[in-house]
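The chains referred to below are lettered A, B, ... by the order of the sequence lines, with proteins before strands, and numbering in each begins at 1.
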4 protein chains.
Amino acid sequence: MVNQSATKEKIFQAALSLFNSKGYSGTSMREIAKAAGVNVSTIFYYYSDKGGLLEYCFVTYFEEYINILEKGMKQLESADPSTILKKIIHHLLDYQYQNYQLSRFVCREVSIDSQIVRETMTTYFRKERYLLQTIIEKGIEAGVFRKLSAGIVVIQLKGMLNQPFLNSIYTSEVWNIYFQDRYYIDQYKKQLEYWVDVFLSKKTSPVEKAIG
Amino acid sequence: MVNQSATKEKIFQAALSLFNSKGYSGTSMREIAKAAGVNVSTIFYYYSDKGGLLEYCFVTYFEEYINILEKGMKQLESADPSTILKKIIHHLLDYQYQNYQLSRFVCREVSIDSQIVRETMTTYFRKERYLLQTIIEKGIEAGVFRKLSAGIVVIQLKGMLNQPFLNSIYTSEVWNIYFQDRYYIDQYKKQLEYWVDVFLSKKTSPVEKAIG
Amino acid sequence: MVNQSATKEKIFQAALSLFNSKGYSGTSMREIAKAAGVNVSTIFYYYSDKGGLLEYCFVTYFEEYINILEKGMKQLESADPSTILKKIIHHLLDYQYQNYQLSRFVCREVSIDSQIVRETMTTYFRKERYLLQTIIEKGIEAGVFRKLSAGIVVIQLKGMLNQPFLNSIYTSEVWNIYFQDRYYIDQYKKQLEYWVDVFLSKKTSPVEKAIG
Amino acid sequence: MVNQSATKEKIFQAALSLFNSKGYSGTSMREIAKAAGVNVSTIFYYYSDKGGLLEYCFVTYFEEYINILEKGMKQLESADPSTILKKIIHHLLDYQYQNYQLSRFVCREVSIDSQIVRETMTTYFRKERYLLQTIIEKGIEAGVFRKLSAGIVVIQLKGMLNQPFLNSIYTSEVWNIYFQDRYYIDQYKKQLEYWVDVFLSKKTSPVEKAIG
DNA sequence: TATGAATGAGGTTTCATTCAT
DNA sequence: GATGAATGAAACCTCATTCAT
């Protein structure tokens with residue numbers, strides 16, 4: 001997260017912004033350099049490759065992402081599944097909100113099926129799978145969650161978690177909802193926590209009354 | 001949907017497949033030509049432009065997509081919101097399942113914020129918004145759906161609808177779930193219909209007992 | 001030898017001339033394009049690679065080179081070793097003289113120890129080795145040639161054969177000898193044939209009297 | 001020959017090795033730095049230029065080369081041409097053998113017709129010409145050598161002298177002869193001395209019986 | 001309808017080099 | 001004596017595209 005060199009960070013930010021609006025392949029190194037106010041060669045000095053820049057984005061994103069998951073992991077024994085899951089949703093949405101550009105880009109580019117994506121991603125996502133699956137299954141065993149397929153539930157959840165960042169043009173242009181704003185993110189967060197309570201959980205929690 | 005020329009269709013399919021695995025910008029006309037077994041110039045003959053090829057993909061996708069929505073539209077008066085919504089979910093998932101490659105590509109590329117995307121997409125999505133919003137609000141008015149923000153609900157729903165196609169590498173590599181298979185799509189479909197019943201709707205429907 | 005396309009040939013000649021004076025690595029594609037009067041892309045269209053251009057040079061050179069050797073091969077049974085060897089020397093020098101630029105370049109670049117050189121070259125030179133070694137050994141067995149190590153003799157011979165083309169700056173600048181001229185090549189040819197007669201062969205032939 | 005600084009020498013050796021396998025133009029400063037285990041800037045500190053490094057190679061090579069020739073020069077009056085020539089061949093081959101990499105590189109790069117090569121080389125080679133021509137002509141006058149063109153003879157001789165170093169891949173890969181080994185160099189040396197005796201000289205010397 | 005030849009613009013990357021430290 | 005950060009120029013190569021056929 002913390003960049004040693006100011007120049008390196010400047011390049012990173014410029015790249016992120018451009019990758020977001022034009023896609024990774026659609027962005028040229030020259031454009032990035034220009035946006036960062038450095039010479040093209042400087043990018044190669046720091047990231048060695050265009051691929052290196054991409055990898056750096058992925059690693060930076062997942063490093064913190066996995067951190068959040070691991071904090072959830074530690075509470076697996078002590079707290080109840082519903083609370084943990086809601087906490088994780090809370091932190092993930094917050095993290096993606098605070099790293100809007102990066103999240104948008106990674107969520108999007110991850111859907112490409114290239115070598116580098118496959119390799120980088122799979123490791124992180126296997127960890128994620130382990131955590132989420134465990135939580136869901138514990139909840140089911142404890143009789144708190146409904147008997148649903150853990151896989152399908154997680155895929156559903158992930159779809160919901162990414163959507164605000166993935167399709168931000170859609171949300172803003174069509175719905176006038178701006179997930180760069182705290183307000184909307186918080187609303188969406190509540191909705192997902194609510195989903196845990198009424199969709200996943202067998203009995204509706206007190207939160208339900210507050211919203212629905 | 002129906003291509004006049006076999007050659008044109010061949011090119012379309014080849015392009016689709018490549019766009020999916022390398023992205024639109026990451027795919028070159030030569031690659032498409034090679035994959036389609038035709039000369040590069042032939043692509044220009046049929047689609048005039050690389051942009052033309054992209055547009056053709058979008059139009060082809062949304063043509064049928066909007067068809068499905070419009071069928072739902074016609075039932076707005078006669079049928080109840082919950083049933084209509086479930087029908088739409090059913091048809092959309094089916095459509096995307098049957099046009100796997102195309103859906104994957106469009107869902108993904110739509111997240112880029114370029115001129116062409118913005119223009120093509122917005123028209124279709126505004127229609128979609130009108131329909132879905134109307135259904136949700138009618139349901140709320142009728143006291144069938146919970147009092148939720150229509151916008152947030154639709155965004156949530158769209159996230160869930162796209163996820164299986166967008167992140168197919170994720171689902172297959174990490175969860176061994178293959179949405180190219182009828183079986184998994186049907187399971188997922190049930191889950192979303194269930195979501196309509198227990199999350200959106202105030203009272204849990206009989207379906208709930210069957211699953212949860 | 002015969003180029004299908006006039007453009008391709010033009011590029012080839014321009015490349016050859018530049019490779020000779022600046023070396024392969026020292027010559028840029030742009031320079032070649034400019035010298036050939038075509039666009040840079042055209043070179044890539046025909047040769048696909050800078051490496052492809054290099055390979056084309058090698059193959060073109062060795063194709064005819066090996067032809068000459070194979071003609072010598074066929075006479076192995078019928079003619080005497082001394083005559084065959086002199087014929088080969090005669091034809092090789094003629095060939096190199098007629099393809100001055102190409103020979104100069106290949107002889108020089110062959111001394112680099114890269115992958116492509118190793119691969120292309122070895123095949124041809126093994127054939128050459130077989131022929132020359134056979135001739136020398138036959139001559140020794142027949143008691144016509146002195147008992148010398150065939151390997152050392154061939155290396156010595158090859159050094160002499162290449163020298164005029166390899167170091168043409170040296171010969172012209174220091175000795176005012178121009179091997180682009182028939183006259184000098186013929187003189188040099190005589191010298192090497194003479195070498196066969198008095199150095200390789202046991203008894204000095206009548207030719208000796210004519211020269212020495 | 002004697003490098004003041006160990007670092008400077010390290011760089012020199014690394015450069016030599018790389019120049020040999022990839023050519024001068026084909027080798028980058030970074031590669032040299034990496035091979036030498038120093039920073040790129042260090043090379044510039046010691047040699048100021050890439051050209052400076054090249055010049056240093058040439059000068060280092062020719063300094064000793066010309067020394068050997070000058071020693072021969074001094075004996076022009078006292079000793080007989082045949083003996084002097086053989087001594088020179090002996091010392092030159094020894095020198096090139098002991099500075100294998102350097103000789104290989106210089107012999108090869110000298111064949112390029114660039115400004116720097118022309119300038120550096122010509123001075124040294126004119127000296128060489130004077131010595132060798134004088135020896136040959138003296139021999140002819142004295143009736144010891146055959147009446148041959150001095151120029152052609154020297155060119156022939158130089159071809160033979162360089163071949164083992166120039167085409168070392170050829171000799172090793174095709175003939176399994178390794179001129180890095182004393183044994184093979186000595187054999188080759190004998191062959192060339194023999195060449196002086198039977199080809200250049202009118203009457204065969206006693207050495208002939210020993211070999212042929 | 002379909003192609004091969006050719007191109008200009010721009011892509012990524014590497015190069016030798018400098019400068020402050 | 002030696003280095004790391006940074007650069008401008010130019011390297012190789014690919015791109016979408018056109019045009020004559």
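- A cation-pi arrangement is found for B:Lys50 relative to B:Tyr24, the charged atom lying closer than 6.0 Å to the ring centre and inside a 45° cone about the ring normal.
- When distances run from any side-chain atom of A:Lys50 to the nucleotides F:dC12, E:dT13, E:dT3, the shortest one goes to E:dT13.
- B:Thr27 comes within 4.0 angstrom of the backbone, heavy atoms only, and of no base.
- Atom-to-atom, CG of C:Leu53 to P of F:dC13 comes out at 10 Å; the value is rounded to the nearest Å.
- Mapping A:Phe44 and B:Thr7 onto DNA chain E via the closest heavy atom, the residue that lands nearer the 5' end is B:Thr7.
- When each of E:dA2, E:dT14, E:dT7 is scored by its nearest atom to the side-chain atoms of B:Tyr46, the top-ranked nucleotide is E:dA2.
- Atom pair B:Lys22:NZ and F:dC15:C1' shows a separation of 13 Å (rounding to whole Å applied).
- Look at NZ on D:Lys10: it is 12 Å from C1' on F:dG1, rounded to the nearest Å.
- The residue among A:Ile43 and B:Met29 whose nearest nucleotide of DNA chain F is located toward the 5' end is A:Ile43.
- Between F:dC12, E:dA2, E:dT17, one nucleotide has an atom nearer to the side chain of D:Val40 than all others, and that is E:dT17.
- We find that CD of A:Glu31 is positioned 13 Å from C1' of E:dT12, with the value rounded to whole Å.
- Among F:dC13, E:dT3, F:dA2, the nucleotide with an atom closest to any side-chain atom of D:Thr42 is F:dA2.
- For C:Ile32 and F:dC13, the CD1 to P distance is 11 Å, given to the nearest whole Å.
- Closest to the side chain of C:Asp49, out of E:dT12, E:dT1, F:dC13, is F:dC13.
- Here A:Phe58 and A:Tyr61 keep their ring centres 6.0 angstrom or further from each other.
- Nucleotide E:dT3 holds its C1' atom 12 Å from the CD1 atom of B:Ile11, rounded to whole Å.
- Residue A:Ser41 places its side chain closer to F:dG8 than to any other of F:dG8, E:dT17, F:dC13.
- Side-chain N or O atoms of B:Ser48 include none that pairs as donor or acceptor with a backbone N or O of B:Phe44 at under 3.5 Å.
- In this structure F:dA20 sits in a base pair with E:dT3, meeting the Watson-Crick or G-U test at under 3.5 Å.
- In this structure, the nucleotide among E:dT7, F:dG4, F:dG8 sitting nearest to the side chain of C:Asn39 is E:dT7.
- Atom-to-atom, OH of D:Tyr24 to P of E:dC15 comes out at 13 Å; the value is rounded to the nearest Å.
- Contact check for B:Ile32 versus B:Leu53: side-chain heavy atoms found under the 4.5 Å cut-off.
- Residues C:Phe12 and C:Tyr47 meet the side-chain proximity criterion, which asks for heavy atoms closer than 4.5 Å.
- Protein atom CG of B:Leu54 is 12 Å distant from nucleotide atom P of F:dT17, rounded to whole Å.
- When the side-chain nitrogen and oxygen atoms of B:Tyr45 are compared with OP1 and OP2 of E:dA2, none of them lie within a distance under 4.0 Å.
- Between C:Tyr170 and D:Phe125, the distance separating the two ring centers is shorter than 6.0 angstrom.
- In this model, no side-chain donor or acceptor of A:Arg30 finds a partner on the base of E:dG10 within 3.5 Å.
- Under 4.0 angstrom from either OP1 or OP2 of E:dC15 there lies at least one side-chain N or O belonging to D:Ser28.
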